[in-house]
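A quick write-up on the structure given underneath.
All values derive from a computational prediction rather than experimental measurement. Along the sequence shown, residues carry numbers from 1.
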Amino acid sequence: MADHVLDRPIWAALTSRQTHWAEGGPDAMRFPPNVSPFAASRDDGEDCLRALAGLVPEGGGILLARKGGGEIPPGLKIATEANIVQMHAEDLVPADPAGEIAPLGDADAEEMLALATLTRPGPFLLDTHRLGRFVGIRVDGRLAAMAGERLHVEGYREISGVCTHPDFRGRGYAGLLSRIVATRILHDGETPFLHAYEPNASAIRLYETLGFRWQRTITVQMLVRG
């Protein structure tokens with residue numbers, strides 16, 4: 001059976017709908033370090049792994065996401081590793097955005113980074129919001145919750161950065177914003193997908209109630225120089 005395009009979502013994004021972000025060459029590519037630590041190689045051949053190792057920034061790392069993991073480039077080691085569940089929207093109930101929902105952009109970047117740093121929805125840097133369209137909810141001027149888009153491949157777009165400040169949890173903000181982002185993607189004629197850490201049963205249950213279904217398990221690895 002042929003591999004699905006989202007078995008290796010980072011490579012698929014950097015070679016299709018997000019080529020304008022790609023740094024590297026034909027064997028291995030990454031997003032700019034200020035945008036995302038994501039990187040990928042064309043395959044696990046010797047030349048590709050060597051090229052992938054060359055993308056590791058000084059004092060930093062690169063984050064890979066591959067079904068089943070894969071070979072580790074020589075000279076690198078795994079700093080962290082985890083399995084994440086990849087889910088696709090199959091029977092999503094469209095959301096009707098409420099008046100409290102607002103678009104987020106460059107002017108909100110520092111607040112978005114602070115919220116993501118506090119809640120840790122996944123890798124999020126100062127310019128991560130530039131990968132897609134983000135929306136948020138403000139309460140008394142504070143950014144209470146947000147959600148947006150990250151990886152974009154042919155026919156699919158990822159929902160990411162879904163998080164709620166601890167002071168405002170229990171109000172349904174994460175589910176509402178996820179549905180709003182997903183509805184926008186569906187209106188564009190694409191399939192929304194997202195990732196959740198495999199042990200995070202509560203997040204997986206939430207996304208299932210929104211109409212997302214488990215498709216595959218992906219291994220994410222943060223690689224640093226050995």
TODO: Side-chain contact test, heavy atoms from C-beta onward, threshold under 4.5 Å: evaluate it for F31 versus L125 and give yes or no.
DONE: no

Open item on the list: Could you report the tightest heavy-atom contact between P166 and T119, atom names first, then the distance?
Closed with: CD-CG2, 4.2 Å

- [ ] Locate the shortest heavy-atom distance separating P121 from A116; write the atom from each residue and the value.
- [x] CD-O, 3.3 Å

TODO: Using modelled atom types only, decide if a donor and an acceptor are shared between the side chain of E198 and the backbone of T217 within a distance under 3.5 Å.
DONE: no

Task: Nearest heavy-atom neighbours spanning I10 and L63 - done: CD1-O, 3.6 Å

Open item on the list: Give me the atom names and distance for the closest heavy-atom approach of A22 to M29.
Closed with: CB-SD, 3.8 Å

Task: Within one Ile-Leu-Val-Met-Phe-Trp-Tyr cluster: V5 and I159, side-chain cutoff 4.5 Å - done: no

- [ ] Output all residues satisfying salt bridge (charged side-chain N to carboxylate O under 4.0 Å, His left out) with D188, sequence neighbours left out; order by chain, then residue number.
- [x] R133, R157

Task: Residue pairs passing the salt bridge (Lys or Arg N to Asp or Glu O under 4.0 Å) test where at least one lies in residues 72-95, sequence neighbours excluded - done: D91-R213

- [ ] Treat each ILVMFWY residue as a node, draw an edge where side-chain heavy atoms are under 4.5 Å apart, and state whether V135 and I137 are in one component.
- [x] yes

Task: I84 and its side-chain contact (heavy atoms from CB on, under 4.5 Å) partner, picked from V220, L194, N200 - done: V220

Open item on the list: Are W214 and F193 linked, directly or through intermediate hydrophobic residues, by side-chain heavy-atom contacts shorter than 4.5 Å (ILVMFWY only)?
Closed with: no

TODO: Please work out which of the three classes, parallel, tilted or perpendicular, describes the rings of H4 and H88, given edges at 30° and 60°.
DONE: tilted

Open item on the list: Hydrophobic cluster membership, with links at side-chain heavy-atom distances under 4.5 Å among I/L/V/M/F/W/Y: are F212 and L151 in one?
Closed with: no

Open item on the list: Whether the side chain of T219 engages the backbone of K67 through a donor-acceptor N/O pair (distance < 3.5 Å, no angle test) should be reported.
Closed with: no

TODO: Kindly work out whether a path of hydrophobic side-chain contacts (I/L/V/M/F/W/Y, heavy atoms less than 4.5 Å apart) joins F124 to V162.
DONE: no

Task: Sequence neighbours excluded - side chain to side chain donor-acceptor pair (under 3.5 Å) pairs with any residue from residues 21-31 - done: D27-R42

- [ ] Please report the shortest heavy-atom distance between V139 and A144, naming the atom on each side.
- [x] CG2-CB, 3.8 Å

- [ ] Would you mind reporting whether L104 and M112 have side-chain heavy atoms less than 4.5 Å apart?
- [x] yes

- [ ] Would you name the heavy atoms of L223 and P73 that are closest together and state the gap between them?
- [x] CD1-CD, 3.8 Å

Open item on the list: Please check this pair: side chain of R150 against backbone of L131, looking for a donor-acceptor N/O pair closer than 3.5 Å.
Closed with: no

TODO: For R66 and A40, indicate whether the former's side chain and the latter's backbone hold a donor-acceptor pair under 3.5 Å.
DONE: no

